[in-house]
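Inspection log for the structure reproduced underneath, given as structure tokens.
Below, chains carry the letters A, B, ... as their sequence lines are ordered, and counting in each starts from 1. Just the heavy atoms: all of them, side chains too, but no hydrogens, waters or symmetry mates, feed the values below. Note that this is a predicted model, so its numbers are computed, not measured.
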Number of protein chains: 2
Amino acid sequence: MIRLNRTTEYGLIALRHMSQRRQNITSAREVADQYGLPFEITAKTLQRLRDCGLIQSAQGAHGGYMLKKELEEVTLAEFLQLMEGPQAVVVCAPPMGSGHVGCECEYKGKCEIKGFMTDLNTRVFRFLSSIRLNELGRLRTVLAIGDEP
Amino acid sequence: MIRLNRTTEYGLIALRHMSQRRQNITSAREVADQYGLPFEITAKTLQRLRDCGLIQSAQGAHGGYMLKKELEEVTLAEFLQLMEGPQAVVVCAPPMGSGHVGCECEYKGKCEIKGFMTDLNTRVFRFLSSIRLNELGRLRTVLAIGDEP
DNA sequence: TTTATATACGATAATAGTTATCGTATATAA
DNA sequence: TTATATACGATAACTATTATCGTATATAAA
């Protein structure tokens, strides 16, 4: 159930990499080499990040990618939706954050489960919205209520 | 990323159905008919729930399934792991709740992202552990801290 | 102008995972 | 004996993800 896809995961790695070398431009080759990722997929991932407006690209010989948005402006929920499209925990609930409250329930009759499904969806969305990308690499210091000391 | 699989979703529906008619035995046919689910898959789902120890079965003409565990004893995290196997948010983190703290990181060199990945994994696991199956259908009344009134 | 390096991107192949179907066996109440 | 129900392996169908390939375009530097 709970699993980032490869592109999302590589995207996180790339974003963090870039956040640590502000000013400097990064290339797909550099990211791929540094973390041992397949070049082709890393390149696609960076293009995807660019399409999402998270980074900007420069073509040509000394081209590459640079961060465009502050990572603290982006929540994990937003990031996932950008990278993987609208997310819904269950078939019978509308995608997280879509604003739809109505249930597109395909189940017959009065499916009392839908209240649970919709709320679960909402809770997951809020949870993911509570995490910002700038927490990458320093999350231990900002663990939320409920974590042991 | 965040999506229950069909069996898990049907399993939740079936469990809730059964929790509402304690004492009474339920059949795969009954659940399938009531919610408009395909019979074959509903049957497999109930067998799966039985394998997980959540319900018990009785074969024969007046056979069927009955709840075995109190739903409030089961967290969503446990349920997901029973139904879908060990869960990990990312490739480079050990499955949630596995007790492993070490990172099975496949990425080259010092992948500083792994701290984030492992913590994200932990946070997701704790989030899912905070929800119990008995909240099915009455979740609105128990929404956690952070939700609007 | 040429060369090397880099992104851009569509097409598609390969793989994996999920979901659905089928056939047959077994148990039991009536 | 019959009707009803679970048990379950095998596998087909479908979907989504992941990987690969080929070609185009942009640009700095020689």
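- A:Ile25 places its CD1 atom 12 Å from the P atom of D:dT27, with the value rounded to the nearest Å.
- Straight-line distance from the CZ atom of A:Arg48 to the P atom of D:dT18: 12 Å, rounded to whole Å.
- With sequence neighbours left out, the side chain to side chain contact (heavy atoms under 4.5 Å, CB included) criterion links A:Glu73 to A:Lys69, A:Glu70.
- Between A:Glu78 and A:Gln81, every side-chain heavy-atom pair lies at or beyond the 4.5 Å cut-off.
- Residues meeting the side-chain hydrogen bond (donor to acceptor under 3.5 Å, both in side chains) test with B:Glu30, sequence neighbours left out: B:His17, B:Arg21.
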Please tabulate, for the side chains in residues 50-68 of chain A, all donor-acceptor contacts under 3.5 angstrom to protein atoms that are two or more places apart in sequence or on a different chain.
unit_1: A:Arg50; atom_1: NE; unit_2: A:Ser57; atom_2: OG; d: 3.4

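- Taken to the nearest 0.5 Å, the CD atom of A:Glu135 stands 8.5 Å off from the CZ atom of A:Arg132.
- The interatomic distance linking B:Met83 (CE) with C:dT19 (C1') rounds to 14 Å, in whole Å.
- When rounded to the nearest whole Å, the span between CE of A:Met66 and C1' of C:dT7 equals 16 Å.
- At whole-Å resolution of the value, CG in A:Leu37 and C1' in D:dT20 are 16 Å apart.
- Along DNA chain D, the nucleotide nearest A:Thr7 and the nucleotide nearest A:Gly60 are compared for position; the residue whose nucleotide lies closer to the 5' end is A:Thr7.
- Distance A:Met18 CE to C:dT7 P: 10 Å, rounded to the nearest Å.
- The nearest whole Å value for the distance from the CD atom in A:Gln56 to the C1' atom in C:dT7 is 14 Å.
- Proximity of B:Arg123 to B:Arg126: side-chain heavy atoms (C-beta onward) are nowhere separated by under 4.5 Å.
- Proximity of A:Leu133 to A:Leu76: side-chain heavy atoms (C-beta onward) are separated by under 4.5 Å at one or more points.
- Which of D:dA28, C:dA20, D:dA19 sits closest to the side chain of A:His62 comes down to D:dA28.
- Between atom OG1 of residue A:Thr7 and atom CG of residue A:Leu12 there is a gap of 11.0 Å, rounded to the nearest 0.5 Å.
- Between D:dA5, D:dT18, C:dT19, one nucleotide has an atom nearer to the side chain of B:Ser27 than all others, and that is D:dA5.
- Using a 4.0 Å cut-off, no side-chain N or O of B:Arg29 falls inside it from OP1 or OP2 of D:dT4.
- The distance between atom CD1 of B:Ile41 and atom P of D:dA12, rounded to the nearest whole Å, is 17 Å.
- Take B:Thr8 and apply the side chain to side chain contact (heavy atoms under 4.5 Å, CB included) test, not counting sequence neighbours, and it matches B:Leu4, B:Asn5, B:Phe79, B:Leu80, B:Met83, B:Glu84.
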Heteroatom pairs (N/O) under 3.5 angstrom, protein to nucleotides 8-13 of chain C:
unit_1: C:dA8; atom_1: OP1; unit_2: A:Arg50; atom_2: NE; d: 3.3
unit_1: C:dA8; atom_1: OP1; unit_2: A:Ser57; atom_2: OG; d: 2.8
unit_1: C:dA8; atom_1: OP2; unit_2: A:Tyr65; atom_2: OH; d: 2.8
unit_1: C:dG10; atom_1: O6; unit_2: A:Lys44; atom_2: NZ; d: 2.8
unit_1: C:dA11; atom_1: N6; unit_2: A:Lys44; atom_2: NZ; d: 3.3

For DNA chain C, the dot-bracket pattern of Watson-Crick and G-U pairs whose distances stay under 3.5 Å, | for other-strand partners:
||||||||||||||||||||||||||||||
